[in-house]
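For reference, the structure discussed in these notes is given below.
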Amino acid sequence: MNYNILCYTIYAAITIYIIIWVGRLFHRSGRVFIIRLFNNNTSLADTTNNIILVAYYLFNIGYAVIQFSFWEQVTNTGQLIASIANKTGILILILAATHYCNLFIIYTLSKKSTFITPKTS
């Protein structure tokens, strides 16, 4: 029996949940760092934060969809669980690496102070 359709369904459900949950969490929690980066310009920070969220969704959903084309034939329950765990684990590693790269970029940019600070009189 071919379990691939079941694999795809379970993987898609898990992936969509993880991508949306992590995206919302980082969008909400990362706002303060972006506001600080843009020197309290909340309009620019919120717009940038929204663009980052859309890029995050597109990147990760695109990766998850591409994984369907590289899926091996699954013929038993053991392979089904191992296959889903492998694909989901790789996705989580990519999410973590992307998150830490983004944090490093924001930290580096905030330390360089390359953004113009508003003049106060």
* Around Tyr107, counting heavy atoms of other residues, nucleotides and ligands shown, do more than 12 lie under 6.0 Å from its OH? -> no
* Asked: Is the number of heavy atoms from other residues, nucleotides or ligands under 6.0 Å of Phe33 CZ greater than 12?
  -> no
Can you give me the closest heavy-atom contact between [X] and [Y], atom names plus distance?
{"X": "Gln67", "Y": "Lys87", "answer": "OE1-NZ, 3.1 Å"}
{"X": "Leu53", "Y": "Gly23", "answer": "CD1-O, 3.4 Å"}
{"X": "Tyr3", "Y": "Thr77", "answer": "OH-OG1, 4.1 Å"}

Side-chain heavy atoms under 4.5 angstrom apart, residues restricted to Ile, Leu, Val, Met, Phe, Trp, Tyr: same cluster for [X] and [Y]?
{"X": "Phe59", "Y": "Val54", "answer": "no"}
{"X": "Trp71", "Y": "Ile18", "answer": "yes"}
{"X": "Phe70", "Y": "Val74", "answer": "no"}
{"X": "Phe68", "Y": "Leu91", "answer": "yes"}
{"X": "Ile20", "Y": "Val65", "answer": "yes"}

* How far does CD1 of Ile92 sit from CG of Asn60, to the nearest 0.5 angstrom? -> 11.0 Å
* To do: Side-chain contact test, heavy atoms from C-beta onward, threshold under 4.5 Å: evaluate it for Ile52 versus Phe26 and give yes or no.
  => no
* How would you list all residue pairs meeting side-chain hydrogen bond (donor to acceptor under 3.5 Å, both in side chains) that involve residues 11-22, not counting sequence neighbours? -> none
* Applying side chain to side chain donor-acceptor pair (under 3.5 Å), name anything that partners Asn4, two or more places apart in sequence or on another chain. => Tyr8
* Asked: So which of Thr98, Ile19, Asn102 actually passes side-chain contact (heavy atoms from CB on, under 4.5 Å) with Tyr56?
  -> Ile19
* Asked: Do side-chain atoms of Asn49 reach the backbone of Ala45 as a donor and acceptor pair under 3.5 angstrom?
  -> no
